[in-house]
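Quick note on labels: first sequence line is chain A, next is B, and so on, each numbered from 1.
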Number of protein chains: 2
Amino acid sequence: MRKRDTVRRTTAKEVAAAAGVSKWTVIRAFTPGSSITEESKRRVMEAAAALNYSPNLLARSLATNSTRQVAVFVDDFRNPQKLPFLETLTERLQAAGLVVMLININNHFDHVHALLHADQRQVDAVILFGTAFRDETLADRKLGHGMPPMFVLARDSQIEGVPAVVCDAELALREIVDHLHEKGYRRPGFMSGATALSTALRRRQHFTDFWAEKGVDKIELLSAEKYSAEAGATSVHEYLSRTAPAERVDVLMCENDILALGAMDEIRGKFGLRVPEDIAIVGFDNYELGGSSAYSLTTYEQPRFEMVEAIIGMIVGTTEAETVTLPGKMIIRNST
Amino acid sequence: MRKRDTVRRTTAKEVAAAAGVSKWTVIRAFTPGSSITEESKRRVMEAAAALNYSPNLLARSLATNSTRQVAVFVDDFRNPQKLPFLETLTERLQAAGLVVMLININNHFDHVHALLHADQRQVDAVILFGTAFRDETLADRKLGHGMPPMFVLARDSQIEGVPAVVCDAELALREIVDHLHEKGYRRPGFMSGATALSTALRRRQHFTDFWAEKGVDKIELLSAEKYSAEAGATSVHEYLSRTAPAERVDVLMCENDILALGAMDEIRGKFGLRVPEDIAIVGFDNYELGGSSAYSLTTYEQPRFEMVEAIIGMIVGTTEAETVTLPGKMIIRNST
DNA sequence: TTGTATGCGTTATCAA
DNA sequence: TTGATAACGCATACAA
């Protein structure tokens, strides 16, 4: 590992010597609200400026037992929706004096390893911001005690004592189904990404339930296995290939925008069908490109800012955190 | 700030007591290559497992003067290309035993603040992975000494002593211009995102130079100011509105895919023109969605894996790092 | 208000 | 090989 310049960081001790006070007075000058005379503070600050001193956060963390670092676990970098969320997360956390450790959860470094590692680094909190976490492994009792507080973002949490911040799926699906029904669609289909996930199952269940309320019991279920444009295309390709035109769905709801865009490409490009005349498409997330005239995708926007604020409130809050469900916004465009 | 469970992490001292050895022996058991008997190690490891001990990385960092944390500065979350790069970066850094601190550079927290902060946290290195850094401010002498080593990813570096890893722009633009010329285009345009950036200027310069070599001296220059689909659309809209059809470019090269996709939407959607028949489009980055049949965008792919490996090599390397230029790959699709 | 002693949990160095 | 002493830079508690 390359070494930083030989110049060491100046310490409180050195500033103290320069200012002619004890090092504890230097500490006080840098501790808001501590008792110190104006004169002492001024002299310390002058010496500090001259020596280019600033407190060593590492040492502070060791002494205070708080790093002001938050680990964010991500496992799904294919979903471009992650990016605006990461932007908002980092921005708001930084504003709160916290900094993000971005942890890539994958086969080589799974969430159990990651959690152990985050604990070793003494992070103040862990945000689970992925799709494919298996709740059971995190609920493992070995991990139960002494670990940093965990929170789930944009997904359900089945883990005891681990609250989540989610977009209200029931409300979202109700609005979507209402809209589709009103538009006259009657043969709905649902494409899910990861069928093993409780969040995915829940959305699908709401979709089915609300259609049932309207007297539509037959829901075509497609499974893309993953969340990518390619997976969406493959899944719809397989479906259209094996289904006679008269039997096909008239509207396909995809679990997220990326699946929807992939499906749309395949439907129009490879099969020469029209959207929404032959098959209408609905996504979820309101990814920027879905709004382009090339797609004009009807979708549902998660309340990103509110969600991020909520999870930060949980992290910096002092009271016991509880799962929060926030309403999103229906975005109707030309694909339905 | 919420406190972690009252259960404190077990320390080497406690393990030592349980195993009946001194705490230094415990440390040795966890230090590969240190001299310790098999028997001692076994007893320590047993006690450690029973007590659920693992070394505190914070304390280690303070003692060794190395945090094994790398700060990554990002200022441009609109470009989806950031996501795969972040994925590769985190994955490869983690494999090297390093972890990413993701820093959002914006108006409230500029790169000078961020650098000072990263220094306070004693990060082992800083990766500049944005578009709009102003080189001058980072070259400021106040920041010159004692700061962590800095490296620039996917952009030129004008900063003395700060090496960069970039995709070979000269090669890329040569291949692109060759391709376009071969296809018969003769009235080229270039849309840049941020005209103030040296990297942007360089690409444009190569584009102009290579066309000049082929006897084409007139290059239409568009400026989108920012890097977003919307900015690309607005820019091309303004251009087409003020330019008579006969005067228009026959091919428009955009500085990145997002600009290109935005421009393409506008050209086809609002102006009813065909791509590539009326205007051909070229992007840069090979963003996944550009490959969809809705766009089928001709573009240029940066050698992401090689670039990441190169920058990690610089970080963990012992010899003086020098700017590395790597060849990318031309991706020809139907938009040209 | 200011200075002193002690602790945070490791690593580095030396002596046994 | 093992134990002991010092150091990393700051914060907390207490005494002056």
Side-chain angles (χ1 to χ4, degrees), chain A residues 1 3-4 6-45 47-48 51-68 119-124 146, chain B residues 1 3-4 7-45 47-48 51-69 119-124 146:
Chain A
M1 175 82 50
K3 282 205 290 282
R4 55 175 55 211
T6 42
V7 222
R8 234 185 48 268
R9 286 177 53 83
T10 41
T11 71
K13 197 174 175 181
E14 293 163 333
V15 175
V21 297
S22 74
K23 65 171 175 175
W24 295 278
T25 302
V26 175
I27 302 290
R28 287 194 184 91
F30 281 88
T31 307
S34 65
S35 55
I36 183 174
T37 58
E38 273 307 313
E39 168 63 9
S40 299
K41 186 162 183 174
R42 192 186 55 72
R43 284 172 57 193
V44 168
M45 286 316 203
L51 294 174
N52 208 8
Y53 168 81
S54 65
N56 183 329
L57 263 28
L58 212 52
R60 172 177 292 176
S61 296
L62 186 63
T64 58
N65 225 17
S66 163
T67 54
R68 303 201 70 78
D119 183 46
Q120 279 192 279
R121 291 212 181 257
Q122 299 265 82
V123 300
D124 286 350
Chain B
M1 174 82 50
K3 282 204 291 282
R4 57 175 55 212
V7 223
R8 236 184 47 268
R9 287 176 52 83
T10 36
T11 70
K13 198 174 176 180
E14 293 162 333
V15 176
V21 297
S22 73
K23 64 171 176 176
W24 297 279
T25 303
V26 174
I27 301 292
R28 286 192 185 92
F30 281 88
T31 308
S34 65
S35 54
I36 182 174
T37 58
E38 273 306 313
E39 170 61 11
S40 298
K41 186 163 185 173
R42 192 187 54 73
R43 285 172 56 194
V44 167
M45 286 317 203
L51 294 173
N52 209 7
Y53 168 82
S54 65
N56 183 328
L57 263 28
L58 214 54
R60 171 177 294 175
S61 296
L62 185 63
T64 58
N65 223 18
S66 163
T67 54
R68 303 202 70 79
Q69 294 200 149
D119 183 45
Q120 278 193 278
R121 291 212 181 257
Q122 300 265 80
V123 300
D124 286 350

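- Per the geometry, CD belonging to A:Glu38 stands 11 Å off P belonging to C:dT2, to the nearest Å.
- Counting non-hydrogen atoms under 4.0 angstrom, B:Ser35 reaches a base of the nucleic acid.
- As judged by a 4.0 angstrom heavy-atom cut-off over every strand, A:Ile36 is placed among residues touching the sugar-phosphate backbone only.
- Here the C1' atom of nucleotide D:dC10 and the CG atom of B:Asn65 are 14 Å apart, to the nearest Å.
- Between the P atom of C:dG9 and the CG atom of A:Asp119 lies a distance of 13 Å, rounded to the nearest Å.
- Between the P atom of C:dG9 and the CG atom of A:Leu58 lies a distance of 14 Å, rounded to the nearest Å.
- A sub-4.0 Å separation between OP1 or OP2 of D:dC10 and a side-chain N or O of A:Thr64 is absent.
- Between the C1' atom of C:dG9 and the CG atom of B:Leu62 lies a distance of 9 Å, rounded to the nearest Å.
- From one end of the helix from C:dT1-D:dA16 to C:dA16-D:dT1 to the other, with five pairs defining each end axis, the axis direction shifts by 40° (rounded to 10°).
- Rounded to whole Å, atom P of C:dT11 lies 16 Å from atom NZ of B:Lys13.
- Of the candidate nucleotides C:dT11, D:dG9, D:dT2, D:dG9 has the atom nearest to the side chain of A:Ala59.
- For A:Ser40 and C:dT2, the shortest distance from a side-chain N or O to OP1 or OP2 is below 4.0 Å.
- Annotation: proximity of residues 21-34 of chain A to DNA chain C (heavy atom, distance under 4.0 Å) is found for A:Ser22, A:Trp24, A:Thr25, A:Arg28, numbered in ascending order.
- When the side-chain nitrogen and oxygen atoms of B:Arg8 are compared with OP1 and OP2 of C:dG9, one or more of them lie within a distance under 4.0 Å.
- Under a 3.5 Å cut-off, the side chain of A:Asp124 and the backbone N or O of A:Thr67 do form a donor-acceptor pair.
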